[in-house]
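Letters A, B, ... are given to chains in the order of the sequence lines, protein chains preceding strands, and every chain is numbered from 1.
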2 protein chains.
Amino acid sequence: MAQAKFAQIKQFILSRIETGEWQENDRVPSENQLTELFVCSRMTARRALTELVASGVLERTQGVGTFVAGLKSQSSLLVIRNIADEIKDRGHGYSVTPLELKQIDASTAVANALGLEVGNPVFYSVLVHCEQGLPLQVEERFVNPKLVPKYLEQDFRLQTPHEYLSAVAPLTEARHTVEAIMATELLQQRLAIEATEPCLQILRRTWSRQGVVSFARLVHPGSKFKLTSALVNE
Amino acid sequence: MAQAKFAQIKQFILSRIETGEWQENDRVPSENQLTELFVCSRMTARRALTELVASGVLERTQGVGTFVAGLKSQSSLLVIRNIADEIKDRGHGYSVTPLELKQIDASTAVANALGLEVGNPVFYSVLVHCEQGLPLQVEERFVNPKLVPKYLEQDFRLQTPHEYLSAVAPLTEARHTVEAIMATELLQQRLAIEATEPCLQILRRTWSRQGVVSFARLVHPGSKFKLTSALVNE
DNA sequence: TGTTTAACCTTGTATATACAAGGTAGGCTA
DNA sequence: TAGCCTACCTTGTATATACAAGGTTAAACA
């Protein structure tokens, strides 16, 4: 068999959508119709449809039918990768310098982000991630001490905070905000950039089963760092 | 039945991964083992595994077994939404002002992005998208005239370029780059911002079956615009 | 005429079965 | 001992079947 039958059916449907023959919200053949068209069992036709639904190409409603899904083009996905992996994947040298590692009192913003009270103790770390020796990211991180009591005892030259946290408190969710900012003087020093250089800031909150684990502020020089998307559709 | 059997099996596996009982690369029970555990048919056990593989929780290799997938935490997804929808979803007033709509000669950068020769004609449009009357995005767009010959005849106050292009040349892929930049003087005027305000720039290339359809440069004031992620992990 | 009902479509869940295909490990042979 | 080969595990594809559940429509009834 050149290609699995369910894959042929998927191709058949996808090509018709790609050419525009079947438009958004058009009805696609039912499982039984596909069964006749391709001379296969209902389970095989069903598999093709199910997989296309899973990938967002189709939508179905029990008792009604299966339809071409609305354009996903309206939103596409950007990937935020682990900085160390990204640098290594480029074949460049990666190094990290820990600048701070201590306990502080939660400010209002940090307390809100972590779901704690203002003034509660939180663990705080600052690291500079470098590519070929040049700063590419300043990672400022606030950690919930209740969930990660041994955070301050770690050596983040050996294992990034992200790796450590993942091991200690398996994360179940993460939320990000990306924006453009101007660096403060301190950040300018740490990133070795001019006052005129804009920066890309990623705010990242991570959850485990027990609650908010950490709140991180990742700042990149705009001239050196780009977020790139993988793909959409299909 | 309180819950479908395959859903119970999925829950069983997910909870064991969440608690950390099963770690990355650990082997999960085979289809036959699950069949015995849950007193169900192999197809039902298989469905649970298949769906968890689809959602990225598990990985499987024919002839070997099924394993807990590597942390997805390493990369998470950001959503780039249609600007008009985003503003409307916030319940705010949306308006758009077309500034340019003409044919120009492709510069080197544009020719590269569109897969054309330098100096070839390309269609060019500039629009300003406003939220409550304030500029939120400048959309500069270069369009391949071979694929979209009637681009210049459109009225983009009625339909956004993106909507028109989606209808004319169903898109099959899109790639994005996000970075922080300082606005040029012209952009400062168009966005009504100060020279000191950093901007978030999204470069977007879209493909249809026939090739690259358009290349867009979307610039937002950093103080007013944030990209926000939905969620991670399945 | 208006409402209820039943027939018929759709998708959803579940089982039993068969064979194909890929990988591993242990035993057999040279 | 070294290499091959078979038996046995795994996942992958495909079929036939049964009944459940949700929605539409048209016919039957009041």
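- Glu31(A) places its CD atom 15 Å from the P atom of dA16(D), with the value rounded to the nearest Å.
- Put simply, Asn32(A) has a side-chain N or O that comes within less than 4.0 Å of OP1 or OP2 on dT10(C).
- Side chain to side chain, Arg141(A) and Ser214(A) meet the donor-acceptor criterion of an N or O pair below 3.5 Å.
- What separates CZ of Arg60(A) from P of dA21(D) is a distance of 18 Å, to the nearest Å.
- Stacking of Arg27(A) on the aromatic ring of Trp22(A) is not recorded, the 6.0 Å distance cut-off and the 45° axial limit not both being met.
- Checked against dG22(C), dT15(C), dT11(C), the side chain of Lys5(B) finds its nearest nucleotide in dT15(C).
- Counted by atom type alone, Tyr151(B) and Ser125(B) present one or more donor-acceptor pairs between their side chains at under 3.5 Å.
- Between Phe6(B) atom CZ and dA20(D) atom P there is a gap of 18 Å when expressed in whole angstrom units.
- Neither OP1 nor OP2 of dT10(D) sits under 4.0 Å from any side-chain N or O of Arg27(B).
- Taking every side-chain heavy atom of Gln62(B) into account, dG22(C) is the closest of dT13(C), dG22(C), dG22(D).
- Between Arg90(B) and Glu131(B) there is a salt bridge, since a side-chain N of the basic residue sits under 4.0 Å from a carboxylate O of the acidic one.
- Glu153(B) is linked by a salt bridge (Lys or Arg N to Asp or Glu O under 4.0 Å) to nothing, counting only residues two or more places apart in sequence or in another chain.
- As a whole-Å value, the separation of Glu59(A) CD from dG12(C) P is 12 Å.
- Listed by residue number, the members of residues 33-54 of chain A with any heavy atom below 4.0 angstrom from DNA chain C are Arg42(A), Met43(A), Arg46(A).
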As a quick check of understanding, evaluate side-chain hydrogen bond (donor to acceptor under 3.5 Å, both in side chains) for Gln3(A) and Gln8(A), giving each step before the final call.
CA-CA 7 Å; Gln3(A) 202 183 10; Gln8(A) 290 176 35; 5.3 Å; no
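- Distances shorter than 4.0 Å separate some side-chain N or O of Thr66(B) from OP1 or OP2 on dT11(D).
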